[in-house]
Amino acid sequence: VSNMLTFKLINIIDGFYHYEIYPEKRIENKQILIFNPQSKEVKENTFNNFNKKYLMQFLQGFTDATGNLKKEGIVAWG
């Protein structure tokens, strides 16, 4: 596996989910995404063009098979 990230849900306030995402499992690479999954509104997004691939992978991997949002997890891709 050449790429991976870990993530964890920090809190949920007024329908907004605050996730911390760690590209390559490194704390120093921490990114933040605070968004409402129903309205798709984003309050905070620290990803930039350099690490946008991690955001895309997170968005594909933060729900389970039934569509529920995970509290934490790992996403790995080739």
Side-chain angles (χ1 to χ4, degrees):
V1 175
S2 56
N3 294 292
M4 91 170 10
L5 63 84
T6 57
F7 63 88
K8 66 180 173 181
L9 179 63
I10 303 304
N11 59 33
I12 304 168
I13 299 173
D14 297 329
F16 282 86
Y17 287 64
H18 175 174
Y19 278 96
E20 288 184 354
I21 298 120
Y22 302 94
E24 304 308 326
K25 296 174 57 175
R26 294 187 177 170
I27 296 212
E28 64 270 19
N29 293 345
K30 178 176 84 173
Q31 301 298 312
I32 295 171
L33 182 64
I34 302 173
F35 71 107
N36 182 318
Q38 291 181 325
S39 69
K40 309 291 191 236
E41 182 182 347
V42 176
K43 272 192 179 175
E44 184 173 355
N45 175 4
T46 61
F47 287 91
N48 58 30
N49 287 338
F50 176 73
N51 57 21
K52 189 184 275 186
K53 70 178 181 181
Y54 294 101
L55 174 60
M56 297 296 120
Q57 294 297 330
F58 167 75
L59 292 173
Q60 292 179 359
F62 78 108
T63 54
D64 64 20
T66 58
N68 295 312
L69 280 70
K70 297 177 184 175
K71 291 185 177 175
E72 61 185 10
I74 296 173
V75 179
W77 64 101

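Predicted, not measured: the structure shown is a model, and the values here were computed from it.
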Please report the closest heavy-atom contact between [X] and [Y], naming both atoms and the distance.
{"X": "K70", "Y": "T63", "answer": "CE-O, 3.4 Å"}
{"X": "Q38", "Y": "N36", "answer": "N-OD1, 2.8 Å"}
{"X": "S2", "Y": "G78", "answer": "OG-O, 2.5 Å"}
{"X": "P37", "Y": "G15", "answer": "CD-O, 3.7 Å"}
{"X": "N3", "Y": "K53", "answer": "OD1-NZ, 3.2 Å"}

Exercise for review: Check the surroundings of atom CD in E28: do more than 12 heavy atoms from other residues, nucleotides or ligands lie under 6.0 Å from it?
Suggested key: yes

**Study point:** Within 6.0 angstrom of E72 CD, more than 12 heavy atoms from elsewhere
**Key:** no

Review point. Is the distance between the ring centroids of F62 and F35 under 6.0 Å?
Key: yes

Review point. Using the benzene-type ring in the case of Trp, are the ring centres of F7 and Y22 under 6.0 Å apart?
Key: no

Rounded at 0.5 Å granularity, tell me how far [atom1] in [X] sits from [atom2] in [Y].
{"X": "D64", "Y": "K71", "atom1": "CG", "atom2": "NZ", "answer": "12.0 Å"}
{"X": "M4", "Y": "I74", "atom1": "CE", "atom2": "CD1", "answer": "5.5 Å"}
{"X": "Y19", "Y": "K8", "atom1": "OH", "atom2": "NZ", "answer": "13.0 Å"}

**Study point:** Same apolar cluster: I32 and I10, side chain cutoff 4.5 Å
**Key:** no

Check your understanding: Between I21 and F16, is there a shared hydrophobic cluster once you connect ILVMFWY residues whose side-chain heavy atoms come closer than 4.5 Å?
Key -> no

Point to revise | Test side chain to side chain contact (heavy atoms under 4.5 Å, CB included) applied to I34 and E41, E20, H18, the passing residue | key: H18

Point to revise | Chi angles and distances behind the side-chain contact (heavy atoms from CB on, under 4.5 Å) call for L5, Q57 | key: CA-CA 8 Å; L5 63 84; Q57 294 297 330; 4.2 Å; yes

Check your understanding: Are any side-chain N or O atoms of N29 and backbone N or O atoms of R26, one a donor and one an acceptor, separated by less than 3.5 Å?
Key -> no

Check your understanding: Any donor and acceptor pair, going by atom type alone, linking the side chain of N49 with main-chain N or O of K52 inside 3.5 Å?
Key -> no

Point to revise | Pair Y17-L69, side-chain contact (heavy atoms from CB on, under 4.5 Å): steps then yes or no | key: CA-CA 9 Å; Y17 287 64; L69 280 70; 3.6 Å; yes

